[in-house]
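For reference, the structure is listed below as structure tokens.
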Number of protein chains: 2
Amino acid sequence: MGATIRDVAREAGVSPATVSRVYNDSAPVREETRKRVLATAKRLRYVPNGTARSLSINKTHVLGFVLPEPHREFFSEIIRGIDETAHQAGYNMLVSSTHNRLENTHAALRVLRGRVDGLIVMSPHHEADLLMESLSPRTPVAFIMTAVGETPYDAFQVDNEGGGYEATRHLLEQGHRRIAIIKGPDDNLDTRERLAGYREALREAGVQADPSWELSGAFTRESGIAAAERLLELDPRPTAVFAMNDYMAFGALGAFQMAGLNVPGDVALVGFDDIMSAQYVNPPLSSIRVSSAELGRRVTQRLLDLVGRGSGLPDDPLRIKMATQLVVRDSSQISASG
Amino acid sequence: MGATIRDVAREAGVSPATVSRVYNDSAPVREETRKRVLATAKRLRYVPNGTARSLSINKTHVLGFVLPEPHREFFSEIIRGIDETAHQAGYNMLVSSTHNRLENTHAALRVLRGRVDGLIVMSPHHEADLLMESLSPRTPVAFIMTAVGETPYDAFQVDNEGGGYEATRHLLEQGHRRIAIIKGPDDNLDTRERLAGYREALREAGVQADPSWELSGAFTRESGIAAAERLLELDPRPTAVFAMNDYMAFGALGAFQMAGLNVPGDVALVGFDDIMSAQYVNPPLSSIRVSSAELGRRVTQRLLDLVGRGSGLPDDPLRIKMATQLVVRDSSQISASG
DNA sequence: TTTACAGATGAAACCGGTTTCATTGCCATT
DNA sequence: AATGGCAATGAAACCGGTTTCATCTGTAAA
């Protein structure tokens with residue numbers, strides 16, 4: 001075993017209380033005593049046990065973060081914002097991934113209970129009220145990109161509908177009328193919202209939406225390829241495609257070029273997320289930028305506020321929508337076609 | 001306050017011990033009693049306090065991960081491997097970032113002490129023995145990409161020297177003799193090792209290394225641009241460039257093209273890390289692939305072994321070097337030049 | 001000189017679980 | 001009927017910190 005506070009106290013000829021005071025500056029300690037305690041601690045290689053301390057002061061200085069997968073570029077940008085903000089406030093981050101499985105999410109929440117001062121949950125496939133039973137009423141929670149409905153939790157979302165609208169509107173403005181869309185999984189909140197934006201833009205422009213142009217994907221490059229291949233068989237073929245994320249757009253781009261089509265000459269393409277690679281592909285991909293790091297910062301800031309306030313649920317739950325921004329590059333501009 | 005085990009015990013008319021047994025299946029409990037306890041717990045919205053449990057059983061089921069930044073693509077691939085493996089074993093991941101600051105690393109290690117069952121530390125700028133004083137001798141530790149010297153800890157590295165050698169060798173084989181290199185920060189372990197590989201390949205080929213062709217960068221796109229601009233002023237100009245990571249290679253690529261040079265016709269280019277974007281840039285970037293996720297998996301597996309064994313330090317510290325793989329794309333093949 | 005109060009410290013309770021050990025009751029065996 | 005053994009449960013100690021409260025000492029104020 002490592003040395004405990006009692007070992008140090010005994011060896012230094014003081015009480016555990018005094019050792020604690022030395023480590024926390026929580027009360028005056030005679031300079032000579034302090035030195036003796038620290039010397040003894042060093043000799044015994046004593047380091048306070050964080051778990052015991054947490055239990056005692058009922059505070060962990062840890063924020064929990066439950067998300068589908070930690071490594072996707074988009075998520076990892078959010079992590080960056082969270083980490084930055086949490087770190088500044090002296091908090092650490094306990095990350096748990098769920099792979100979009102409801103039971104994993106429940107398990108993760110239960111594991112985190114009592115280990116974290118606050119919780120950030122990203123659950124794009126499952127609604128917040130399904131998770132309530134695994135949430136402690138005492139631990140503040142903020143949701144990201146999750147359907148919170150009327151639940152009394154803070155919610156931070158990307159303005160997916162606005163983004164979908166912007167992307168489609170941009171294609172319409174380029175003169176396109178036959179605009180296909182490559183969707184994510186149908187039960188995904190982002191999918192539903194971006195789709196709504198797409199349809200709204202079409203409706204507003206007086207273009208009839210055609211269900212056969214709404215293809216399902218899985219947010220992966222492969223599913224983008226598959227969707228593009230199905231699009232190639234349509235007659236008439238769409239002249240523009242809006243992919244609900246950049247990975248699928250990359251897949252579609254490759255498939256179109258493989259089939260001898262010119263992008264944007266034969267088919268214009270817009271993605272979503274504006275991940276780093278978007279600017280490097282050929283042609284550079286137009287996309288919808290989301291301030292993910294900023295989202296992470298804001299949600300963390302809010303959570304830290306709640307934690308500091310000591311109240312579990314906010315009096316007045318937030319409903320934040322982060323605006324998106326259209327980034328036009330060559331993949332959607334006929335003028336820049338080659 | 002949330003309900004505690006004693007609240008549940010009192011309400012259900014049993015002892016805390018019995019409630020504990022119900023939750024842990026650690027001893028037989030009469031079916032009727034079990035039901036009563038669970039019903040009471042549900043009514044009181046009782047959930048066991050993880051911190052208290054950890055303190056009691058002296059196990060947290062958490063692995064700590066200390067790394068420079070959580071969001072870089074390369075790191076996030078490692079996180080993926082760690083997360084995957086840890087998750088399968090029922091462990092969670094406590095992440096702390098240091099931004100390569102020694103004092104942050106010390107702080108992170110101290111915060112994690114007693115909160116984690118095992119520790120993975122990535123500290124490319126600072127050697128392991130500088131960190132020993134903040135490491136508990138009881139908590140197993142594995143280092144990634146850190147100079148461990150003779151310290152008794154497990155070490156997992158990328159075979160940077162081999163990768164640098166491979167990249168340079170490839171350029172030599174394409175007939176290049178004037179091969180420049182864009183380095184990372186000079187105090188970085190990866191930098192030093194990759195540089196050694198580069199020099200070794202040159203030496204072996206009988207090419208005199210020229211210090212003015214070894215440019216310092218910072219692993220960022222911007223530093224790649226700056227380095228390329230300096231290279232453009234050299235006379236004679238190098239015909240090939242090895243950038244120590246892909247971000248810098250992207251920067252250099254842009255700078256070369258901006259200056260009207262053809263890649264690979266006028267100057268061949270090889271990067272390092274093979275991040276996703278490498279295949280999408282124009283021309284696609286040759287790079288050195290590192291099995292980062294695999295690295296994450298292996299280090300985690302080893303750590304879990306140590307944790308399971310209950311011993312702090314390994315009897316026989318590992319020194320693992322993960323092999324790299326050259327991925328040749330158009331940026332370095334004259335035959336494919338356009 | 002007595003009083004008052006601040007500084008320094010220790011004893012013990014507490015945080016919320018787990019676990020050992022003892023006790024009780026019941027059934028099977030001899 | 002006496003004995004042995006197992007199932008079910010509770011009391012209390014324990015994990016390693018923090019904190020309240022009490023005590024003691026020394027010095028400044030009355």
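Chain naming here is simple, since letters A, B, ... match the order of the sequence lines and numbering starts at 1 in each. The model shown is predicted, which means the values in this text are computed figures rather than measured ones.
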Q) Between B:Ser97 and A:Arg80, do the side chains contain an N or O donor and an N or O acceptor separated by less than 3.5 Å? A)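 Not at all, the side chains of B:Ser97 and A:Arg80 share no donor-acceptor pair under 3.5 Å.
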
Q: Applying ring pair (Phe, Tyr, Trp, His ring centres under 6.0 Å), name anything that partners B:His61, two or more places apart in sequence or on another chain.
A: B:Tyr91

Q.
I want to verify a distance call: between D:dG10, C:dT18, D:dT18, whose nearest atom is closest to the B:Ala17 side chain?
A.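 For the B:Ala17 side chain, the nearest candidate turns out to be D:dG10.
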
Q. Any idea which of C:dG17, C:dT18, D:dT18 is nearest the A:Pro16 side chain?
A. D:dT18

Rounded to whole angstrom units, what separation is found between the [atom1] atom of [X] and the [atom2] atom of [N]?
X: A:Arg10; N: C:dA11; atom1: CZ; atom2: P; answer: 13 Å
X: A:Asn58; N: D:dT20; atom1: CG; atom2: P; answer: 14 Å
X: B:Tyr46; N: C:dG16; atom1: OH; atom2: C1'; answer: 8 Å
X: B:Arg113; N: D:dC15; atom1: CZ; atom2: P; answer: 19 Å
X: B:Asp25; N: C:dT19; atom1: CG; atom2: P; answer: 13 Å
X: B:Tyr23; N: C:dG16; atom1: OH; atom2: P; answer: 15 Å
X: A:Leu55; N: C:dA13; atom1: CG; atom2: P; answer: 18 Å
X: A:Lys59; N: C:dG16; atom1: NZ; atom2: P; answer: 15 Å

Give each protein N/O atom lying under 3.5 Å from an N/O atom of nucleotides 5-9 of chain D, with the pair distance.
unit_1 : atom_1 : unit_2  : atom_2 : d
D:dT9  : OP1    : B:Arg30 : NE     : 3.3
D:dT9  : OP1    : B:Arg30 : NH2    : 3.1
D:dT9  : OP1    : B:Thr33 : OG1    : 2.5
D:dT9  : OP2    : B:Arg30 : N      : 2.8

Q.
Quiz question: going by heavy-atom distance under 3.5 Å, is there a donor-acceptor pair between the base of D:dG17 and the side chain of A:Ser56?
A.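 Between D:dG17 and A:Ser56, which were checked side chain against base, a qualifying N/O pair under 3.5 Å is present.
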
Q) Hey, is the side chain of A:Arg53 pairing donor to acceptor with the base of D:dG16 inside 3.5 Å? A)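 Answer no: no donor N or O sits under 3.5 Å from an acceptor.
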
Between [atom1] of [X] and [atom2] of [Y], what distance do you get to the nearest 0.5 Å?
X: B:Leu306; Y: B:Arg302; atom1: CG; atom2: CZ; value: 4.5 Å
X: A:Asn160; Y: A:Arg192; atom1: CG; atom2: CZ; value: 10.5 Å
X: A:Ile144; Y: A:Arg298; atom1: CD1; atom2: CZ; value: 11.5 Å

Q) What is the nucleic acid contact for B:Ile57, judged by heavy atoms within less than 4.0 Å: base, sugar-phosphate only, or nothing? A) sugar-phosphate

Q. Looking for any heavy atom pair under 4.0 Å, which part of the strands does B:Thr4 touch: base, sugar-phosphate only, or nothing?
A. sugar-phosphate

Q. Can you tell me if the side-chain N/O atoms of A:Asn49 get under 4.0 Å from OP1 or OP2 in D:dC15?
A.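 So the side chain of A:Asn49 is outside the cut-off, no N or O lying under 4.0 Å from OP1 or OP2 of D:dC15.
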
Q) Would you call B:Ser291 and B:Glu77 a side-chain contact if the rule is heavy atoms closer than 4.5 Å? A)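 The answer is no, as the side chains (C-beta and beyond) never meet within the 4.5 Å cut-off.
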
Q: State, yes or no, whether a side-chain contact exists between A:Leu94 and B:Asn92 at a heavy-atom distance under 4.5 Å.
A: yes

